[in-house]
**Student:** 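Before I ask anything, let me first share the structure, which is written out below as structure tokens.
These values consider heavy atoms only, across backbone and side chains, with no hydrogens, waters or symmetry-generated copies.
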Amino acid sequence: MTDKLIFESFSSGSCGNCYYLGNGTDGILIDAGVSLRRLKKYLADMGLSYDSFSCVLVTHAHLDHIRHLGAFCKRLSKPVYTTAEIHDTLSRHSFTMDHIGPCRRDLEVGVWTAIRPEISVRPFIVPHDANQTVGYSVDFGGYKFVIMTDIGRMTDEAVSLAREARTVVIESNYDIDMLMSGPYPHELKMRICEGCGHLSNDECASALKRIVNATVENVFLCHRSENNNTSKLAYDCARAALVEIGMGDVSLRVLPREYPSPEFVLMDKSAV
């Protein structure tokens with residue numbers, strides 16, 4: 001069992017998505033929406049380097065999640081894990097097709113796969129308007145972590161996996177009133193809110209009422225819209241839901257969109 005576990009979001013939103021989960025000497029990246037230059041700086045700010053992660057997990061092939069994946073493959077040659085269906089899409093995508101092949105590692109939906117001695121992952125399907133989109137349940141040395149971003153509606157499977165986790169990263173993308181009164185074309189508004197786009201603050205809050213129990217210690221709200229939400233609206237909606245179910249003491253944070261979050265130590269047994 002690992003003694004220390006660190007989580008940091010390097011970017012979370014339509015401008016780019018990339019997250020680090022690791023113990024400082026080994027770890028994973030989830031998505032590749034920031035450049036190598038930015039990634040190197042952000043890792044250095046944590047006292048880490050490219051050697052501090054072993055592989056990349058990909059949630060889906062939308063550009064804000066894979067814009068720099070081709071460069072990651074070309075320069076770093078680290079394994080890229082995702083489902084065969086998403087990999088097939090990456091093999092045809094202009095941003096990844098030239099470099100993804102040697103890094104390709106296929107995962108099976110619903111199956112736990114050991115990708116490192118201490119790290120196992122289980123992808124699960126989430127509704128979104130990509131060819132296929134997955135969330136991940138991660139077991140890092142016995143510590144359970146779940147991330148579900150770009151999820152148009154909550155599923156029973158996602159809830160069940162999140163209830164087993166100590167840390168949950170969940171989308172809280174838009175405020176419905178801001179979206180509907182805002183300048184987006186009607187078709188785009190419908191794409192966002194009709195079940196295969198993104199999760200609203202209210203839908204996230206409703207999901208948290210089903211998810212959060214005595215096991216869950218941390219909730220991070222991710223992929224907030226720049227135009228249709230605010231950090232305060234997302235936070236207040238989620239916090240009210242937690243208070244309603246008697247879990248108001250659970251740690252709740254909204255991840256920044258365009259810059260790194262603080263470094264969160266999810267567990268540190270050496271400090272006990």
**Student:** Under the side chain to side chain contact (heavy atoms under 4.5 Å, CB included) criterion, do R224 and Y235 qualify, and how do the steps go?
**Tutor:** CA-CA 11 Å; R224 178 181 61 82; Y235 180 90; over 6 Å; no
**Student:** Which residues satisfy the side chain to side chain donor-acceptor pair (under 3.5 Å) test with N229, sequence neighbours excluded?
**Tutor:**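 Partners of N229 by the side chain to side chain donor-acceptor pair (under 3.5 Å) criterion, ordered by chain and then number, come out as N201.
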**Student:** Give a yes or no on whether a salt bridge exists between D88 and R104, defined as a side-chain N under 4.0 angstrom from a carboxylate O.
**Tutor:** yes
**Student:** Considering all heavy atoms of both residues, which atom of R239 and which atom of V250 are nearest to each other, and what is their separation?
**Tutor:** NH1-O, 3.0 Å
**Student:** Minimum heavy-atom separation for G27 to F140, with atom names?
**Tutor:**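 Between these two residues, the closest heavy atoms are CA-CE1, 4.0 Å.
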**Student:** Testing H223, H93, H198, H128 for ring pair (Phe, Tyr, Trp, His ring centres under 6.0 Å) with H62, which one passes?
**Tutor:**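 Only one of H223, H93, H198, H128 forms a ring pair (Phe, Tyr, Trp, His ring centres under 6.0 Å) with H62, namely H128.
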**Student:** With heavy-atom distances below 4.5 Å as the criterion, would you say the side chains of V219 and I211 are in contact?
**Tutor:**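 Sidechains of I211 and V219: no contact.
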**Student:** Out of curiosity, I125 CD1 to H60 NE2, how far, rounded to the nearest 0.5 Å?
**Tutor:** 12.5 Å
**Student:** Check whether any side-chain heavy atom of F72 sits under 4.5 Å from a side-chain heavy atom of I66, and report yes or no.
**Tutor:** no
**Student:** Using a strict threshold of under 4.0 Å (side-chain N to carboxylate O), is an ion pair present between R122 and D139?
**Tutor:**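 A salt bridge is absent here (no side-chain N lies under 4.0 Å from a carboxylate O).
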**Student:** Go through it in stages, so that I can follow the logic: the residues are S14 and R257, the test is side chain to side chain donor-acceptor pair (under 3.5 Å), and I'd like the CA-CA distance, side-chain angles, deciding distance and then a yes or no.
**Tutor:** CA-CA 8 Å; S14 57; R257 294 187 68 258; 3.1 Å; yes
**Student:** Among D150, D64, D31, T149, which residue meets the side-chain hydrogen bond (donor to acceptor under 3.5 Å, both in side chains) test with N17?
**Tutor:**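 Checked D150, D64, D31, T149 against N17; only one passes side-chain hydrogen bond (donor to acceptor under 3.5 Å, both in side chains): D64.
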**Student:** Taking atom types as modelled, find out whether N131 and T89 have a side-chain donor-acceptor pair closer than 3.5 angstrom.
**Tutor:** yes
**Student:** Side chain to side chain contact (heavy atoms under 4.5 Å, CB included), that's the test. Do I170 and M154 meet it? Break it down for me.
**Tutor:** CA-CA 10 Å; I170 182 172; M154 193 53 52; 3.8 Å; yes
**Student:** Calculate, to the nearest 0.5 Å, the distance between atoms CD and CG belonging to E164 and N213 respectively.
**Tutor:** 9.5 Å
**Student:** Grouping I, L, V, M, F, W and Y whenever their side-chain heavy atoms are under 4.5 Å apart, do I100 and I86 come out in a common cluster?
**Tutor:**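 Yes; I86 is reachable from I100 via cluster members.
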**Student:** How many angstroms lie between CG in L233 and CE in M178, if you round to the nearest 0.5 Å?
**Tutor:** 6.5 Å
**Student:** Mind running side chain to side chain contact (heavy atoms under 4.5 Å, CB included) on F10 and L29 for me, showing each step along the way?
**Tutor:** CA-CA 10 Å; F10 297 140; L29 286 189; 4.1 Å; yes
**Student:** Please step through side chain to side chain contact (heavy atoms under 4.5 Å, CB included) for the pair R166 and M267, ending with a clear verdict.
**Tutor:** CA-CA 10 Å; R166 291 171 65 180; M267 179 183 66; 3.9 Å; yes
**Student:** Do L57 and L161 sit in the same hydrophobic cluster, where Ile, Leu, Val, Met, Phe, Trp and Tyr count as joined when their side-chain heavy atoms come under 4.5 Å apart?
**Tutor:** no
**Student:** State, yes or no, whether a side-chain contact exists between L266 and L21 at a heavy-atom distance under 4.5 Å.
**Tutor:**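 Of all side-chain heavy-atom pairs linking L21 with L266, at least one is under 4.5 Å.
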**Student:** So, does S137 use its side chain to make a donor-acceptor pair with the main chain of V146 at under 3.5 Å?
**Tutor:**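 No, because the side chain of S137 does not come within donor-acceptor range (under 3.5 Å) of the backbone of V146.
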**Student:** Return the CD1 to OG distance between I30 and S12, rounded to the nearest 0.5 Å.
**Tutor:** 11.0 Å
**Student:** Looking only at non-hydrogen atoms, find the nearest pair between V126 and G135 and report the distance.
**Tutor:**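 Heavy atoms only, the tightest pair is CG1-N, 3.9 Å.
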**Student:** If you group Ile, Leu, Val, Met, Phe, Trp and Tyr by side-chain heavy-atom gaps below 4.5 Å, do L252 and I245 land in one group?
**Tutor:** yes
**Student:** Going by heavy atoms in the side chains, are L76 and F53 under 4.5 Å from each other?
**Tutor:** yes
**Student:** Show the nearest heavy-atom pair for residues L221 and A238, with the distance to one decimal.
**Tutor:**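 Smallest heavy-atom distance, with atoms named: CD1-CB, 3.9 Å.
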**Student:** Calculate, to the nearest 0.5 Å, the distance between atoms NZ and OG belonging to K189 and S181 respectively.
**Tutor:**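 K189 atom NZ to S181 atom OG measures 7.0 Å (nearest 0.5 Å).
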**Student:** I need the single residue from F220, Y20, Y19 that forms a ring pair (Phe, Tyr, Trp, His ring centres under 6.0 Å) with F264. Which is it?
**Tutor:** F220
**Student:** Below 4.5 Å, heavy atoms only, C-beta onward: do M247 and V216 meet side chain to side chain?
**Tutor:** no
**Student:** Test your reading of the model: is there a side-chain donor-acceptor pair from R105 to the backbone of Y81, 3.5 Å cut-off?
**Tutor:** no
**Student:** Any sub-3.5 Å donor-acceptor pair from K78's side-chain atoms to Y50's backbone N or O?
**Tutor:**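 A pair under 3.5 Å: yes.
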**Student:** Would M97 and V58 show up in the same hydrophobic cluster when neighbours are defined by side-chain heavy atoms closer than 4.5 Å?
**Tutor:** no
**Student:** What are the two closest non-hydrogen atoms of S261 and P256, and how far apart are they?
**Tutor:** CB-CD, 3.7 Å
**Student:** If you define the side chain from C-beta out and look only at heavy atoms, does anything of L199 sit under 4.5 Å from N173?
**Tutor:**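 Of all side-chain heavy-atom pairs linking N173 with L199, none is under 4.5 Å.
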**Student:** Is it possible for you to say whether M148 and V254 belong to one hydrophobic cluster, with membership spreading through side-chain heavy-atom contacts below 4.5 Å?
**Tutor:**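 Cluster IDs for M148 and V254 match.
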**Student:** Do we see a donor-acceptor contact under 3.5 Å between the side chains of S225 and N227?
**Tutor:**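 Judged by distance alone, the side chains do not pair up.
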**Student:** Measure the CE-CD1 distance between M180 and I192 for me, rounded to the nearest 0.5 Å.
**Tutor:** 8.5 Å
**Student:** Looking at side-chain heavy atoms only, is the closest gap between L36 and K40 below 4.5 Å?
**Tutor:** no
**Student:** If you look at every heavy atom in C18 and G33, which pair is closest and at what distance?
**Tutor:** CB-N, 4.1 Å
**Student:** Is there a side-chain contact between F7 and V169 in this structure, where contact means two heavy atoms from C-beta onward sitting under 4.5 Å apart?
**Tutor:**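 SC-SC contact between F7 and V169 confirmed.
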**Student:** Applying side chain to side chain contact (heavy atoms under 4.5 Å, CB included) between C55 and each of V80, V121, I119, I115, report the one that passes.
**Tutor:** I115
**Student:** Verify the distance criterion only: is there a donor paired with an acceptor across the side chains of T167 and Y143 at less than 3.5 Å?
**Tutor:**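 Yes, a side-chain donor-acceptor pair sits under 3.5 Å.
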